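Take a look at the structure below.
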Amino acid sequence: MLPKEDRKILRKKSKFLRKNGLKKKEDEYSIEYYNNEIIIGISYERYSSNSRAFIRFKEKNEVFDIGWIMKVQTDKESADDRLEHAEKLLKYIEDNYTSLSQYNFCKEKDKLIEKYANEHAEEIYEKNKWFFDSLKWM
């Protein structure tokens, strides 16, 4: 859930998306910006202290995780604080909007994400062990 105060801050930090012609849709769980081609969403992960941003290309019906794209492109670590991480993601989106809004850019970064995940599988598992362990109960 996105607390009201956090949504207010994130709305302010994402004004550039409205200036780029995207419309805003919001509820207590997420904020989404969209046009005829893409949807950019920001939310807090449900059972985590992290936030998430994605871009969905409507025509291709494909979704890309902007946090992972940011990670492989800049090697920046996510912040411990949900709001701070969401602000970092929005800053990355703002600085790279032209590239991010291109399907081919995201598809190429997806290959880098896969390579990174393969090379760092043990580290990723250890950081997210709680999540993988929770899947055993399903």
Side-chain angles (χ1 to χ4, degrees):
M1 201 145 148
L2 276 171
K4 270 186 185 181
E5 192 58 37
D6 289 12
R7 274 187 277 145
K8 184 178 176 182
I9 293 166
L10 295 175
R11 258 187 252 120
K12 191 174 185 179
K13 299 271 183 175
S14 60
K15 281 186 178 184
F16 69 93
L17 291 168
R18 299 290 303 262
K19 290 179 181 174
N20 280 304
L22 280 76
K23 297 176 184 167
K24 180 176 66 83
K25 180 177 122 182
E26 172 180 332
D27 61 27
E28 64 270 15
Y29 298 101
S30 66
I31 302 173
E32 291 184 353
Y33 293 88
Y34 64 94
N35 61 20
N36 291 334
E37 295 151 13
I38 63 172
I39 300 170
I40 294 176
I42 302 159
S43 62
Y44 286 168
E45 292 183 12
R46 191 168 180 176
Y47 298 109
S48 169
S49 61
N50 213 344
S51 50
R52 178 174 189 258
F54 70 86
I55 184 165
R56 178 176 175 252
F57 292 87
K58 292 179 177 180
E59 187 177 306
K60 302 282 187 183
N61 196 26
E62 278 193 69
V63 177
F64 298 93
D65 188 303
I66 296 172
W68 274 105
I69 292 172
M70 181 177 80
K71 171 74 177 159
V72 297
Q73 188 173 0
T74 67
D75 201 35
K76 287 185 179 176
E77 289 295 322
S78 61
D80 289 334
D81 179 74
R82 286 177 160 186
L83 179 58
E84 184 183 336
H85 186 246
E87 290 174 309
K88 279 185 178 183
L89 288 167
L90 283 169
K91 180 65 176 145
Y92 175 80
I93 295 167
E94 182 176 15
D95 292 346
N96 298 278
Y97 179 78
T98 302
S99 298
L100 275 171
S101 61
Q102 300 300 311
Y103 174 78
N104 289 333
F105 174 85
C106 292
K107 198 69 174 169
E108 285 301 312
K109 295 301 176 200
D110 214 30
K111 292 175 189 174
L112 293 176
I113 293 165
E114 187 175 343
K115 181 181 176 196
Y116 180 91
N118 288 331
E119 291 172 357
H120 298 87
E122 180 102 9
E123 176 188 336
I124 292 168
Y125 173 76
E126 287 303 318
K127 277 187 172 179
N128 299 286
K129 190 175 185 324
W130 65 269
F131 174 75
F132 293 114
D133 288 346
S134 72
L135 295 176
K136 292 176 187 175
W137 296 101
M138 294 183 158

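The model shown is predicted, which means the values in this text are computed figures rather than measured ones.
- Here the side chains of Arg56 and Lys58 are in contact, with some heavy-atom distance below 4.5 Å.
- Residue Lys115 qualifies as open at atom NZ: its count of foreign heavy atoms under 6.0 Å is 12 or below.
- Of the possible polar contacts, one joining the Ser101 side chain to the Thr98 backbone as a donor-acceptor pair under 3.5 Å is found.
- Summarising the local packing, CD of Glu114 is surrounded by 12 or fewer heavy atoms from other residues, nucleotides or ligands at distances under 6.0 Å.
- Side chain of Arg82 to backbone of Glu45: a donor-acceptor contact under 3.5 angstrom is found.
- To the nearest 0.5 Å, the span separating NZ on Lys19 from OG on Ser14 amounts to 11.0 Å.
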> Going through the distances and angles, do Phe64 and Lys109 end up as a side-chain contact (heavy atoms from CB on, under 4.5 Å)?
Replying inline: CA-CA 9 Å; Phe64 298 93; Lys109 295 301 176 200; over 6 Å; no
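- In terms of hydrophobic clustering, with Ile, Leu, Val, Met, Phe, Trp and Tyr side chains grouped at heavy-atom distances under 4.5 Å, Tyr103 and Leu100 are assigned to a common cluster.
- Under the 4.5 Å side-chain heavy-atom criterion for grouping Ile, Leu, Val, Met, Phe, Trp and Tyr, Met1 is not connected to Phe54 through any hydrophobic cluster.
- Residue Lys13 holds its NZ atom at 12.5 Å from CG of Leu89, rounded to the nearest 0.5 Å.
- Note: Glu28 CD to Lys4 NZ = 10.5 Å, rounded to the nearest 0.5 Å.
- Under the 3.5 Å distance criterion, with hydrogens and angles disregarded, a donor-acceptor pair is assigned to the side chains of Tyr92 and Gln73.
- A donor-acceptor pair under 3.5 Å is absent between the side-chain atoms of Ser51 and the main chain of Leu83, judged by distance alone.
- Two residues are said to be in side-chain contact when any heavy atoms from C-beta on lie closer than 4.5 Å; Glu94 and Leu90 fail this criterion.
- Considering CG of Asn104 and CG of Asp110, their distance stands at 12.0 Å, rounded to 0.5 Å.
- Criterion: ILVMFWY side-chain heavy atoms under 4.5 Å apart, direct or through other members. Under it, Tyr29 and Leu2 are not part of a common hydrophobic cluster.
- No side-chain donor-acceptor contact under 3.5 Å links Asn20 to the backbone of Leu22.
- Using a 4.5 Å heavy-atom threshold, the side chains of Lys60 and Lys107 count as separate.
- More than 12 heavy-atom neighbours from other residues, nucleotides or ligands sit within 6.0 angstrom of NZ on Lys24.
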Cut-off 3.5 Å, no hydrogens considered: what does the side-chain donor-acceptor table look like for residues 36-44, sequence neighbours left out?
{"unit_1": "Tyr44", "atom_1": "OH", "unit_2": "Asp6", "atom_2": "OD2", "d": "2.5"}

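- When hydrophobic clusters are built by joining Ile, Leu, Val, Met, Phe, Trp and Tyr residues whose side-chain heavy atoms come closer than 4.5 Å, directly or via intermediates, Ile66 is grouped together with Ile9.
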> After noting the C-alpha distance and the side-chain angles of Trp68 and Leu112, does the key distance pass the side-chain contact (heavy atoms from CB on, under 4.5 Å) rule?
Replying inline: CA-CA 9 Å; Trp68 274 105; Leu112 293 176; over 6 Å; no
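- Side-chain heavy atoms closer than 4.5 Å link hydrophobic residues (I, L, V, M, F, W, Y) into clusters, and following such links, even through other members, never connects Tyr34 to Ile93.
- Contact record, Lys88 with Met70: O-SD, 4.0 Å, taken as the closest heavy-atom pair.
- Atom CD of Glu59 sits in a sparse spot, with 12 or fewer heavy atoms from other residues, nucleotides or ligands closer than 6.0 Å.
- The two residues Tyr33 and Arg18 come nearest to each other via the heavy atoms CE2-CD, 3.7 Å.
- Ile69 has its side chain out of reach of Asn96: every pair of non-hydrogen atoms, C-beta onward, lies at least 4.5 Å apart.
- Between atom CD of residue Glu84 and atom CG of residue Asn50 there is a gap of 11.0 Å, rounded to the nearest 0.5 Å.
- Under the 4.5 Å side-chain criterion, counting only non-hydrogen atoms from C-beta, Glu108 is in contact with Lys111.
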